[in-house]
Structures are given as C-alpha cells and as structure tokens.
Engineer: 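One structure follows; several queries about it will come next.
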Amino acid sequence: LQQTIERDEMSACVQRYLNRLPDSYRAVILLHDMHDLTATEIARLLGASLDTVKIRLHRARIKLRAALKAGCAFSYDESNVLTCESKD
C-alpha cells in the first residue's frame, strides 16, 4: 500500500511538470510513453512528419528532464522506492 501511495505521488509530481510543457511537446510524450504509440503512428495521428515527431519527442524529454531536475529533489526511501520532494 505504501509503495502504491508513493508511486501515485511520484506520478502526480511528474504530471505537474509535464502539464507545463508546450502542447506540442506534451502531446508527443503522452502518445508515445503513456499510450505506447510509435513515432510513425504519432506522425500520422498529428499530421506531422516523422522527423518532426522525433525532434519534438527528443526536445520534450530534454525540457521535462531539466524541469524535474530544477524543481524536484529525488531520493530513495527505506524501501528503495524513488521519491520526489518539491524544491519549491
């Protein structure tokens, strides 16, 4: 139960930063990482070129990683579960 709570808290933390990304970046991350679509499928769905989708996905991950690094302090608890504490 504790691990489920901690995982939900981590998801909520990441979701807050994901929501701050521009729509075009957020869309490709969600479609790729949460809905398991391929870059080709995303390109077709969004009416964008494959190269555009790949670039957006790459840039979105860089932006998300930087935002998380700047705003969160990550650590492992006694159960070796990754946790996130806001630096704000």
Side-chain angles (χ1 to χ4, degrees):
L1 177 62
Q2 183 65 25
Q3 281 185 318
T4 301
I5 292 169
E6 290 170 346
R7 186 175 50 243
D8 290 346
E9 288 173 357
M10 176 67 82
S11 294
C13 180
V14 171
Q15 188 66 45
R16 280 192 300 275
Y17 288 96
L18 186 61
N19 287 338
R20 295 177 186 171
L21 290 177
D23 291 343
S24 62
Y25 288 171
R26 186 173 53 252
V28 294
I29 283 183
L30 290 174
L31 291 170
H32 189 270
D33 294 345
M34 307 222 22
H35 296 285
D36 295 323
L37 296 180
T38 66
T40 302
E41 291 168 328
I42 295 168
R44 195 173 316 123
L45 183 69
L46 298 179
S49 72
L50 180 58
D51 287 340
T52 296
V53 169
K54 288 180 178 181
I55 289 167
R56 283 183 189 165
L57 187 57
H58 178 73
R59 289 178 181 168
R61 287 183 173 152
I62 290 171
K63 285 186 172 289
L64 182 59
R65 188 177 303 119
L68 288 169
K69 187 175 180 180
C72 297
F74 291 99
S75 62
Y76 289 92
D77 68 9
E78 62 279 351
S79 301
N80 205 32
V81 174
L82 184 62
T83 62
C84 173
E85 292 289 328
S86 177
K87 290 181 183 178
D88 300 334

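Any value given below was found using the heavy atoms of this structure, including those in side chains, with hydrogens, waters and symmetry copies removed.
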Engineer: To the nearest 0.5 Å, how far apart are OG in S49 and CD1 in I55?
Structural biologist: 7.0 Å

Engineer: Do you know the tightest heavy-atom contact between V53 and A48?
Structural biologist: CG2-CB, 4.2 Å

Engineer: Sequence neighbours excluded, which residues qualify as side-chain contact (heavy atoms from CB on, under 4.5 Å) partners of N19?
Structural biologist: Q15, R26

Engineer: Between NZ of K63 and CD1 of I29, what distance do you get to the nearest 0.5 Å?
Structural biologist: 11.0 Å

Engineer: What is the minimum heavy-atom distance between A39 and K54, and which atoms define it?
Structural biologist: CB-CG, 4.3 Å

Engineer: Only counting residues at least two apart or in another chain, list the ones meeting salt bridge (Lys or Arg N to Asp or Glu O under 4.0 Å) with R61.
Structural biologist: D33

Engineer: Would you check if Y25 and L64 make a side-chain contact, meaning some heavy-atom pair closer than 4.5 Å?
Structural biologist: no

Engineer: Mind listing the closest non-hydrogen atom pair of Y17 and L68 along with its distance?
Structural biologist: CD1-CD2, 3.5 Å

Engineer: Is there a side-chain contact between L30 and L18, using heavy atoms and a 4.5 Å cut-off?
Structural biologist: yes

Engineer: Are L46 and L50 linked, directly or through intermediate hydrophobic residues, by side-chain heavy-atom contacts shorter than 4.5 Å (ILVMFWY only)?
Structural biologist: no

Engineer: To the nearest 0.5 Å, what is the distance between CG on L37 and CG on L31?
Structural biologist: 5.5 Å

Engineer: Going from CZ on R59 to CG on L57, what distance comes out if it is rounded to the nearest 0.5 angstrom?
Structural biologist: 12.0 Å

